[in-house]
Amino acid sequence: MTQYDPKAIEERLYERWERAGYFHEEPDPARPPFVICMPPPNVTGRAHLGHGSTFTPMDVMTRYHRMLGNNADWLPGVDHAAIATEAVLVREIAKEGLTREDLGRERFVARAWEWSRTYGGQIEKQFRKLGFGPDWERARFTMDEGLSAAVRRVFVRLYREGLVYRGRRLINWDPKGKTTVSDAEVDRVERDATLWRIRYPRAAGDLADGIEVATTRPETMLGDVAIAVHPQDARFARWIGATVLVPPLLQRAIPVIADACVDPEFGTGAVKVTPAHDATDYEIGLRHGLAMPTVLDLRARVSGAEVDVGPYEGLDRFEARRRIVADTAQLGLLVAEEPYRHAIAVSDRSGDVIEPLLSLQWFVKMESLAAPALQAYREGRVRFVPERYGRTYEQWLENIRDWNVSRQIWWGHQLPVWYVPDGTPVVAETEEEAIEIAMREHGTRELTRDPDTLDTWFSSGLWPFSILGWPQQTAELSCWYPSQVLVTSFDIIFLWVARMVMLGIHFMGDVPFRDVVITPLVFDAQGRKMSKSLGNAIDPMDLAERYGADAFRVSILRQMRLESQEIRYHEARCEEARNFNNKIWNALRYGKSFPEGFPSAMTLPPQDGLTLADRWILTRLRDAIVRVGERLDRYDFGSATDSIWRFLWYEFCDWYVEATKEPGNTASRAPVFSFVLNNAMRLLHPVAPFISEEVWLSLPHDGQSIMTATWPDPLEVPADAAAAATFESLQQAVERVRNLRAEIGLSPRDRIDVDVPSDVPDDVAQLLVHLCAGTLRRVGAAGGDVAGALAAVSGRAPRDLLEARHRKELERLANEVERLEKKLANAQFVAKAAPGVVAKEREKLAGYRQEHQRVAKAVADLE
RNA sequence: GGGCGGUUAGCUCAGUGGGAGAGCGCUUCCUUGACACGGAAGAGGUCACAUGUUCAAUCCAUGUACCGCCCACCA
């Protein structure tokens, strides 16, 4: 078999790791902690490419820190995803012709549990296939009893501190999801709409005399309580204080008022005010003490409960809009109707148009929670990578509004709130406690529990401490809070990150994590969002199936750049990564073919037993170890992966492996080859866990698994800078000769005569001719050091070819010399540039001159 | 209306205040004793545009254009 087959090993290795308990860790105060809380995927979720870009880095960091010997644990879990799961269930039971209400709360919730248990484990299975190795033994579900207890404790405490309150406020109603949603869950999308200009007449007798307003939402006219104009707008000065009639019913008279938030430039300069159904209008209503009647109910239908809505009662909001526009036109009060494109609010869950309406709901007061979270950021106790996302976080917290946390769905944490008969709420962690309070304070034990549940993000916000056992004081909590790093994508900085920081500080007295790494979003190759409807979604499971989990991981990591906000994912990247794995696999096969076999333990020959190539590859290995570590420490996954890739392919395979094929120079190759590959596999392990393990186990190694092996130590790798420099000169010489071979058109079987100056040492000369498939011919000393002598190496070729080539080279060198001479002749440059820079340029010039001379002499010798 | 990214080879993207890079694609050659999911060689770019700072700008600053994203109460 000459091709690597990931399927043959991945599943087997993962099972072994899990069985051996390598993913599990106990809190150990003696070692530095390295803890990551997994952002809990939705119980309804399936792995998608976004998990590739956020979860792979978490796995990489955990594996890396485990190898560094830290107390590393990656804490997994699943989110009950209230709205999403409820929507799935409502669809399910609809197939049976049932509604939620038909089933009743208890049976509905029971079905939700059943559904979660049946399908909820899917994504965890998928994560295993992708090689993700969190501490599964510690997996939690946000609806677990422990986590639910934490939710109740937090809610009750916030209530008693006055930070949770019930109030009638303008909220975002999602008619399709039949629940409120928080401001953070509302998206704005540009849509084509209509802007109507409507005249509100002063009196029913003269419809021509009136004030014109512009609106995109005629159906809310039924709830209008005023017309507002800008106080300095001369056009309307005479109108302020007047009353007009609301079309099309013309039954209610409303005042014209002045408010500075009205933009005289927009529309007609006058705006209708419907406080119960628009955020701006609500503010105006508060400022002017206006009535705030709602005219749409929770089904988004017109409702006359609070104000007379005439014949429109019960109509759907969009139908009502059509009818009201038509009726207004009939009266001659529709002045104009023009197409208008603007941003409207939609629910990010259901996609339905959000209906702002006044409703009695529960809120978390944010201001006093936000202040310490802002301070923590400003003092650098929470750090964002890339840094710019910190400003996003900061701006959001600075402008924070109270958080509506009650939801009108059944799947989730029911509010720990009961009402006594007069409607006063009793907030308690348990029903027993609620009864006790009710008896004590209200003299009744007759309680009705609030049917609402909490926003999913309320429980997610407690995640970093609730999964560690809070409110119990556990060893996990004391060792692993705060965690070291949170990895997530920027779209949930508000929904989740900021809330965790606020609640973490409030309840734990410290931030929940120090570093927040924001990974890029994944788009398709054209830069479009991946979506089912576009049909451009790529399934990571499909990629892992076809190319292997390692290839998928490497493909996505290599496309991650520290500062970048998006990845345009190309499947070709996965293919390349698969090829890379194959390359490694075959390098191992090559090593296994050494007749002398690998040594039994990982040891290096003594320094004087090392060849030039050995010294070079060891030096390069040391550099690679340092580089990869530095880059992982900076969360620069793309560049870390790239470093390993380049080392293995372009240095180890392309040069070192070829060098070991030099006949008669094979004494050190087996130990050096296996030593280098063993180290390289440890560098590779965090990013490609499977192949690195399989290869590592085939080499001399210590221990049972690469997972528990130690991270390579650069100081344990002997480096030889001088030998490395010589090897690099040799590489250049080899490339020159190969180029000449190609120009001559020599077939690989034909050897080329190579002129090597006598001052190139024998071993170097032998390796040189081996690497360019040449025959050694010694020529006179070139003078200078070995590097200089290597620069004089040339292949023998027909005179005219050599001459053309030399002339081209001479021209290039002459240009360089001229350029540098001019530069150095510039007094300004010599005077003002850093001394080091000038010296370096002088050195370069000398080098080019020397080379020029040598090539010129070669040309002369041809004559 | 604010804020943030991006613009470098046909494509996707690295990169650096002092000689423009990779992968894929393309051309030529090679089934050489690990690998054709491979190897060797090669063609291909006024580093978006303008101005400025500097001895020196693809890199720093300012502005412009185009692309993308986030936030925001213009109905």
Side-chain angles (χ1 to χ4, degrees), chain A residues 2-4 188 195-196 213-217 220 228 261-274 278-284 340 342-343 356 386 388-389 391-392 395-396 399 490-491 493-494 520-521 523 525 527-529 547 551 558-559 561 563-570 572-573 575-593 638-639 642 645-646 650 653-654 657-658 660-661 663 734-735 738-743 745-749 772-773 812 815-816 819-820 823 826-834 837-838 840-841 844 848:
Chain A
T2 58
Q3 274 177 15
Y4 172 60
R188 299 219 160 236
L195 186 65
W196 287 277
V213 305
T215 183
T216 54
R217 303 209 51 204
T220 65
C261 82
V262 179
D263 177 3
E265 303 294 312
F266 186 88
T268 63
V271 59
K272 66 187 215 56
V273 181
T274 322
D278 181 273
T280 310
D281 294 3
Y282 179 71
E283 297 295 325
I284 297 176
Y340 179 58
H342 72 141
R388 63 188 136 88
Y389 291 114
R391 288 192 292 278
T392 307
Q395 280 163 19
W396 188 73
N399 300 305
F490 82 97
D491 49 350
I493 290 179
F494 310 140
L521 293 177
F523 294 90
R528 297 171 306 177
K529 209 160 197 159
Y547 300 107
R558 276 188 84 218
Q559 294 180 77
R561 295 297 152 180
E563 291 293 321
S564 124
Q565 63 184 21
E566 66 171 57
I567 293 175
R568 296 193 174 187
Y569 192 86
H570 284 68
R573 286 291 147 107
E575 208 173 309
E576 290 166 30
R578 189 246 349 235
N579 297 352
F580 172 66
N581 289 336
N582 192 52
K583 187 82 182 170
I584 296 168
W585 184 249
N586 279 290
L588 173 69
R589 285 183 59 233
Y590 167 74
K592 280 175 162 173
S593 76
S639 142
D642 227 44
W645 180 299
R646 303 178 88 85
Y650 308 129
C653 290
D654 283 356
V657 164
E658 292 312 313
T660 62
K661 292 176 183 171
V734 168
E735 271 159 9
R738 281 175 180 170
N739 170 283
L740 198 60
R741 287 183 62 105
E743 277 183 52
L746 274 185
S747 108
R749 292 183 188 290
C772 49
R812 186 185 72 89
N815 281 339
E816 295 290 358
R819 189 178 60 81
L820 288 175
K823 192 179 216 177
N826 181 349
Q828 300 269 46
F829 170 67
V830 180
K832 296 195 176 174
V837 171
V838 179
K840 215 163 161 188
E841 296 295 301
K844 278 200 286 194
Y848 284 130

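The structure displayed is predicted, hence computed values, not measured ones. Sequence lines set the chain letters: A, B, ... in the order given, protein chains first and strands last, and positions in each chain run from 1.
Taking a pair to require two hydrogen-bonding distances under 3.5 Å in either a Watson-Crick or a G-U wobble arrangement, B:rA50 pairs with B:rU62. A 3.5 Å limit on both hydrogen-bonding distances identifies B:rC30 as the Watson-Crick or G-U partner of B:rG38. Under the Watson-Crick or G-U wobble criterion, with both distances below 3.5 Å, B:rA56 has no partner in any strand shown. Shown here, B:rA9 forms no base pair; nothing in the strands shown gives a Watson-Crick or G-U wobble contact with both key distances under 3.5 Å. Pairing for B:rC4 goes to B:rG68, judged as Watson-Crick or G-U wobble with the two contacts each under 3.5 Å.
The aromatic rings of A:Tyr4 and A:Trp585 lie tilted to each other, with the angle between the two planes from 30° to 60°.
Of all nucleotides listed (B:rC73, B:rG18, B:rA34), B:rG18 comes nearest to the side chain of A:Ala833. Each of B:rC73, B:rA75, B:rG39 was ranked by its minimum atom distance to the side chain of A:Arg188; first place goes to B:rC73. Side-chain proximity of A:Phe266 to B:rG38, B:rC74, B:rG3: nearest is B:rC74. Out of B:rC35, B:rA75, B:rC24, the shortest distance to the side chain of A:Glu576 is found at B:rC24. Checking B:rC55, B:rA34, B:rG5 against every side-chain atom of A:Gln565, the shortest atom distance belongs to B:rG5. The side chain of A:Asn739 sits closest to B:rG42 out of B:rG42, B:rA75, B:rG23. Closest contact between the side chain of A:Ala742 and the listed nucleotides B:rU12, B:rC24, B:rA41 involves B:rA41. The listed nucleotides are B:rA75, B:rA41, B:rG23; the one nearest the side chain of A:Glu735 is B:rA41.
For the pair A:Arg561 CZ and B:rA22 P, the computed distance is 14 Å after rounding to whole Å. With rounding to whole Å, A:Asn582 atom CG is found 14 Å from B:rG39 atom C1'. Here B:rA40 presents its C1' atom at 13 Å from CD of A:Glu743, a figure rounded to the nearest Å. A:Ile284 places its CD1 atom 13 Å from the P atom of B:rC73, with the value rounded to the nearest Å. Separating the CD atom of A:Glu283 from the C1' atom of B:rA72 is a distance of 13 Å, rounded to the nearest angstrom. If you measure from atom CD1 of A:Ile567 to atom C1' of B:rG5, you get 15 Å, rounded to the nearest angstrom. Separating the CZ atom of A:Phe490 from the C1' atom of B:rG3 is a distance of 13 Å, rounded to the nearest angstrom. Between A:Phe494 atom CZ and B:rC71 atom P there is a gap of 6 Å when expressed in whole angstrom units.
Put simply, A:Asn399 has no side-chain N or O that comes within less than 4.0 Å of OP1 or OP2 on B:rA72. Dashed line: the shortest gap from a side-chain N or O of A:Tyr650 to OP1 or OP2 of B:rA22 is not under 4.0 Å. Remark: A:Lys583 is in phosphate contact with B:rG39, judged by side-chain N or O atoms under 4.0 Å from OP1 or OP2. Dashed line: the shortest gap from a side-chain N or O of A:His342 to OP1 or OP2 of B:rC74 is not under 4.0 Å. The side chain of A:Lys661 contributes an N or O atom lying less than 4.0 Å from OP1 or OP2 of B:rA34.
B:rG15 and B:rA20 have their C1' atoms separated by 9 Å, with the value rounded to a whole Å. Comparing B:rG3 with B:rU64, their P atoms sit 12 Å apart, to the nearest whole Å. Comparing the C1' positions of B:rG63 and B:rA75 gives a spacing of 35 Å, expressed to the nearest Å.
Both A:Phe523 and A:Phe580 sit near RNA chain B, but only A:Phe580 has its closest nucleotide nearer the 5' end. Map A:Tyr590 and A:Pro748 each onto its nearest nucleotide of RNA chain B; the residue landing nearer the 5' end is A:Pro748.
Side-chain N/O atoms of A:Tyr282 and A:Thr274 include no donor and acceptor closer than 3.5 Å.
To the nearest 0.5 Å, atoms OH (A:Tyr340) and OG1 (A:Thr216) are separated by 7.5 Å.
Contact of A:Glu658 with B:rA40 (side chain to base): no donor-acceptor pair of N or O atoms is detected under 3.5 Å.
Summarising the geometry of A:Gln559 relative to A:Arg568, their closest heavy-atom pair is OE1-O, 3.1 Å, with the distance given to 0.1 Å. Nearest heavy-atom pair, A:Arg741 versus A:Cys772, reported as atom, atom and distance to 0.1 Å: NH1-O, 3.1 Å.
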Just do the side-chain contact (heavy atoms from CB on, under 4.5 Å) check on A:Thr660 and A:Tyr590 with the steps written out, would you?
-> CA-CA 10 Å; A:Thr660 62; A:Tyr590 167 74; 2.8 Å; yes
Verdict with supporting geometry, A:Arg812 and A:Asn815, side chain to side chain donor-acceptor pair (under 3.5 Å) = CA-CA 5 Å; A:Arg812 186 185 72 89; A:Asn815 281 339; over 6 Å; no
